[in-house]
Amino acid sequence: MADKILEAVKLSKAYRVDARRITVLDNISLTVKKGDFLVIEGKSGSGKSTLLSLLSGLDKPDSGRVILHGTDITGLGEDQLAPFRNRTIGYVFQSFHLIPSLTALENIMFPAELNRDPDALSKAAELLRRVDLHQRDDNFPHQLSGGEKQRVALCRALVNSPQIVFADEPTGNLDSTNGEIILQLLLKLRSELRTTLVMATHSREISSMADRIVQLVDGRIVS
Ligand SMILES: Nc1ncnc2c1ncn2[C@@H]1O[C@H](COP(=O)(O)OP(=O)(O)OP(=O)(O)O)[C@@H](O)[C@H]1O
Ligand SMILES: [Mg+2]
C-alpha cells in the first residue's frame with residue numbers, strides 16, 4: 001500500500017505488576033492509510049491508551065515494530081525520537097496536559113518553537129482564532145474551562161502541521177456539548193489540513209464517523 005502512513009507489525013506489550021505479568025497487547029498488526037480516520041474501540045482496560053502510546057512512539061513495545069511516516073521508530077533512541085515525534089505527530093490527551101506556567105498562546109507555540117519555526121507566533125495565533133479563543137491568548141490553563149483547555153490542546157497538536165494526529169478519548173473529560181464541539185473541530189481541521197486521525201474512544205457516536213474501526217478485546221483485535 002503506497003499511501004500508508006502508519007504500520008504496526010505484531011506489537012506486544014506486557015506490564016509487570018509485583019510478580020505478575022499482565023499482557024496488555026498481544027500480537028497487534030494494523031495499517032493506517034494517509035488521510036484516514038481510524039477509531040480504536042474497546043472497553044476500559046482493553047489496551048487502547050497503551051496501543052496509542054506505542055503507535056505514536058511515546059512508549060516502546062516488548063516486541064514488534066512501528067513504522068511511522070516511512071521511519072521504523074522501534075529502534076530509535078529518545079534523542080532521535082523526540083524531534084521526530086514533534087515534527088510528525090500531534091497528540092491530544094484525555095486530560096489536556098497543558099503546561100500550567102505557559103499561557104494558551106505559549107502552550108500552542110511551544111512545539112513550533114522546539115522545531116525552530118520562525119512563524120510559531122503567527123501560526124499559534126491563527127489556530128487560536130480558528131477555535132474561537134483568540135481573546136483568551138494570554139490566559140493560563142487554570143483560567144480556562146475544560147472545553148477551552150481541550151481546544152488549546154487541539155491547537156497545540158496541530159501547530160506543526162503533523163502528518164498524523166493521535167487522540168486518546170479527547171472528549172472523555174468534557175460534557176456532551178463541549179465534547180461535540182471538540183469532535184467537530186477535530187473533524188473540520190482534519191479535512192482542511194488533510195491529516196490522518198487515530199482516536200481511541202468508547203463512543204459509538206464517534207465510531208460511526210470513522211473510516212475504519214479497530215476493536216480491542218483483551219489486547220487483541222477482534223474486528
Ligand atoms: N504502567 C502500567 N503498569 C501496569 N499496568 C498498566 C500500566 N498501564 C496500563 N496498565 C494496564 O494495562 C491495561 C490496559 O490499559 P490501557 O490504559 O491501555 O486501557 P484503556 O483501554 O485505555 O482503558 P480506558 O478506557 O480506561 O482508558 C489495564 O489493565 C491497565 O491496568
Ligand atoms: Mg485509556
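Whatever order the structure lists ligands and atoms in, that order sets their numbers, starting from 1.
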Report summary line: Among non-hydrogen protein atoms, atom 11 (C) of ligand 1 lies closest to Y15 CD1, 4.0 Å

**Report entry** Taking every non-hydrogen atom, the tightest pair across P83 and E78
**Finding:** CD-O, 4.2 Å

Report task. Mind checking whether V24 contacts ligand 1 via backbone (N, CA, C, O), side chain (CB onward), both or neither, at a 4.0 Å heavy-atom cut-off? Result -> side chain

Query raised in the report: Are V9 and V66 connected in a single hydrophobic cluster, I mean Ile/Leu/Val/Met/Phe/Trp/Tyr linked by side-chain heavy atoms less than 4.5 Å apart?
Result: no

**Report entry** Region of R16 that comes within reach of ligand 1 [heavy atoms, distance under 4.0 Å]
**Finding:** neither

Query raised in the report: Is at least one protein non-hydrogen atom found at under 4.0 angstrom from atom 30 (C) of ligand 1?
Result: no

Requested in this report: For H202, take its heavy atoms, then give the atoms of ligand 1 lying under 4.0 Å from any of them.
Outcome: 25 (O)

Requested in this report: Report yes or no: does a heavy atom of G45 sit under 4.0 Å from some atom of ligand 1?
Outcome: yes

Report task. Would you please name every residue forming a ring-ring contact (aromatic ring centres under 6.0 Å, His included) with H97, sequence neighbours left out? Result -> F93

**Report entry** K13 and D59: CA distance, side-chain angles, deciding distance, salt bridge (charged side-chain N to carboxylate O under 4.0 Å, His left out) verdict
**Finding:** CA-CA 10 Å; K13 180 84 178 172; D59 198 3; 3.5 Å; yes

Query - Nearest-contact summary for atom 25 (O) of ligand 1 - protein heavy atom, Å - result: K48 NZ, 2.7 Å

Query raised in the report: At a 4.0 Å threshold, what atoms of ligand 1 neighbour a non-hydrogen atom of K43?
Result: 21 (O)

Report summary line: For K60 and T74, the nearest pair of non-hydrogen atoms, with its separation, is NZ-O, 3.1 Å

Report task. May I ask you to identify, for V17, whether its side chain, its backbone, both or neither come under 4.0 Å of ligand 1 on a heavy-atom basis? Result -> side chain

Query raised in the report: Under 4.0 Å from ligand 1, counting heavy atoms only, is it the side chain of Q94, its backbone, both or neither?
Result: neither

Report task. List for me each residue that meets side chain to side chain donor-acceptor pair (under 3.5 Å) alongside D175, sequence neighbours excluded, and say none if there are none. Result -> N178

Query raised in the report: Starting from atom 26 (O) of ligand 1, which protein heavy atom do you reach first, and at what distance in Å?
Result: S44 OG, 2.6 Å

Report task. Considering only NZ, NE, NH1 and NH2 on the basic side and carboxylate oxygens on the acidic side, decide whether R204 and E41 come within less than 4.0 Å. Result -> yes

Requested in this report: Among all protein heavy atoms, pick out the one at the shortest distance from atom 16 (P) of ligand 1; state its residue, atom name and that distance to 0.1 Å.
Outcome: T50 OG1, 3.7 Å

Query raised in the report: Is the closest basic N to carboxylate O distance between R220 and D26 below 4.0 Å?
Result: yes

Query raised in the report: Can you tell me if Q94 has an N, O or S atom under 2.8 Å away from the Mg ion (ligand 2)?
Result: no

Report task. List the closest protein heavy-atom neighbour of atom 27 (O) of ligand 1: residue, atom name, distance to the nearest 0.1 Å. Result -> E169 OE2, 3.4 Å

Query raised in the report: When you measure from atom 17 (O) of ligand 1 to every protein heavy atom, which one gives the shortest distance, and what is it?
Result: S49 CB, 3.6 Å

Report task. Note the single closest protein heavy atom to atom 19 (O) of ligand 1, along with its residue, its atom name and the distance in Å. Result -> G47 N, 3.3 Å

Query raised in the report: Is the closest basic N to carboxylate O distance between R151 and E148 below 4.0 Å?
Result: no

Query raised in the report: If you take all heavy atoms of S29 and I221, which pair is closest and at what distance?
Result: O-CD1, 3.6 Å

